[in-house]
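What follows is a set of notes on a single structure, which appears directly below.
Quick note: numbers below take in every heavy atom, side chains included, and nothing from hydrogens, waters or symmetry partners. Below, read A as the first sequence line, B as the second, and so on, with proteins coming before strands; counting in each chain starts at 1.
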2 protein chains.
Amino acid sequence: MDPGKHAAERSESELGQKINRLIAAMYPDERSRPGFAKLSQHIREATGTAISSTYLWELTTGRKQNVTRSTLTTLAKFFGVPPEYFLDDRVSARVDTQLELAVALRNRKVRSIALRADGLSEETLNSILAILNHAREIEKLDPLDEDNRQPSEPSA
Amino acid sequence: MDPGKHAAERSESELGQKINRLIAAMYPDERSRPGFAKLSQHIREATGTAISSTYLWELTTGRKQNVTRSTLTTLAKFFGVPPEYFLDDRVSARVDTQLELAVALRNRKVRSIALRADGLSEETLNSILAILNHAREIEKLDPLDEDNRQPSEPSA
DNA sequence: GCCGGCCATCCGCTGTAGCGGATAAGCCTG
DNA sequence: CAGGCTTATCCGCTACAGCGGATGGCCGGC
């Protein structure tokens, strides 16, 4: 059927795009990225609530987009984004810049570290950063000089 | 009917409460407060999208609560609240780990740490965790024992 | 070659979000 | 107190969110 021509509203199937982006962020290796079936399983295991593979496909392709509250919450819970990510474009724009971080959070230990680092004093944080930088050097990883990076306004 | 059979609804209809509160806030004079029919008209006029009086009643009485994205947006638009106002009821309690993390991510240094920790070896991560735990102890923060947490299904 | 698994995609079904059209019980004012 | 105007509440319907179960196309292994 003629796709894309019935767009009376500007929003289109933007929700599908967002979900696709989140999937790509969560499974960066495109080769080993799970299909909708596996993804559905992961969601059930991680959140305790299931979303069928069929429906996931329908969402990502924009075939369905008027999701209910429960589905919305489950998706947000799984991807680790605030639920309003799917509702408010400004929020999603802000979160998108942090997708890199979301990738990091895949690792459970990294999550623990982030949680534990919160609230510590500046000095301690600096020390931890120094240690991490040193460790990255030893383990031959990218220096990852994030502090130099600008928050880059994408024209708002 | 006997609604006691399904004990899953411990928080009743939190969404209905919220809508009721918003109505009361928007029309402070209880005497001149419009009924659901008038309210439905106001919503249509103000937002351009309609919500039937019947459905408004069903929402405020908690009969329906799994609203879709469009209804949610319309309500938020009309009442002038961010859409997430209707989203984080009891789920916020269940996913408070996520929330804690979101809060943590406000700190730029914590972000840097999370990014830098990604990709490091298990041993290094364990060392960092040990250091962080020690630091938390010294700075008198909560132990934050996330790893002990069970996946605990709260009666699905 | 064939078998088994994973994949995207489709079809058809069920449950329920959401609505329109009753109804009866409150009100006004003449 | 009749008759009109609202109100909250109910019932039954339609549309669609969401799912289960096909289907056929691609892989790798025996």
Discussion item. Within 45 degrees of the ring normal and closer than 6.0 Å to the centroid, is that where the cationic atom of A:Lys18 sits relative to A:Phe86?
Written reply: no
Practice prompt. Write down the distance between CZ (B:Arg69) and P (C:dT16), rounded to a whole number of angstrom.
Written response: 23 Å
Worksheet entry | Integer-rounded Å distance: C:dA8 C1' and A:Leu59 CG | 15 Å
Discussion item. Please report the distance, rounded to the nearest Å, between CZ in A:Arg44 and C1' in D:dG20.
Written reply: 13 Å
Worksheet entry | Residues B:Thr60 and B:Asn20: side-chain donor-acceptor under 3.5 angstrom | no
Discussion item. Given C:dG21, C:dG18, C:dC7, identify the nucleotide with an atom nearest to the side chain of B:Thr54.
Written reply: C:dG21
Response to the item:
The nucleotide from D:dG18, C:dC19, D:dT7 with an atom nearest the side chain of A:Val67 is D:dG18
Fill in: 5′-ward residue of the pair B:Glu58/B:Phe36 relative to DNA chain D
B:Phe36
Practice prompt. Please report, rounded to the nearest Å, how far the P atom of C:dA17 is from the CD atom of A:Gln65.
Written response: 19 Å
Worksheet entry | Gap between atoms CD1 and P, on B:Ile43 and C:dG18 respectively (whole Å) | 13 Å
Practice prompt. Could you tell me whether the phosphate oxygens of C:dG18, OP1 or OP2, come under 4.0 Å of any side-chain nitrogen or oxygen in B:Arg63?
Written response: no
Worksheet entry | Spacing of B:Arg69 atom CZ and A:Leu15 atom CG [to the nearest 0.5 Å] | 5.0 Å
Discussion item. For C:dG18 and B:Thr71 - does any side-chain N or O of the residue sit under 4.0 Å from the phosphate oxygens OP1/OP2?
Written reply: yes
Fill in: OP1 or OP2 of C:dA8 under 4.0 Å from side-chain N/O of A:Trp57
no
Worksheet item: Counting only side-chain N and O atoms of A:Thr68, is one of them less than 4.0 Å from OP1 or OP2 of C:dA17?
Response: no
Worksheet entry | Whole-Å distance separating the CG atom of A:Leu75 from the P atom of D:dA17 | 14 Å
Worksheet item: What is the distance, rounded to the nearest whole Å, between atom CD1 of B:Ile51 and atom P of C:dG20?
Response: 12 Å
Worksheet entry | A:Glu58 with A:Arg63: basic N within carboxylate O range, under 4.0 Å | no
Discussion item. Closest-nucleotide mapping onto DNA chain D: is A:Leu56 or B:Gly35 further toward the 5' terminus? I mean the 5' end.
Written reply: B:Gly35
Worksheet item: Is there a side-chain contact between B:Thr68 and A:Val67 (heavy atoms, below 4.5 Å)?
Response: no
Worksheet item: Could you give the NZ-to-C1' distance, from B:Lys64 to D:dC16, as a whole number of Å?
Response: 13 Å
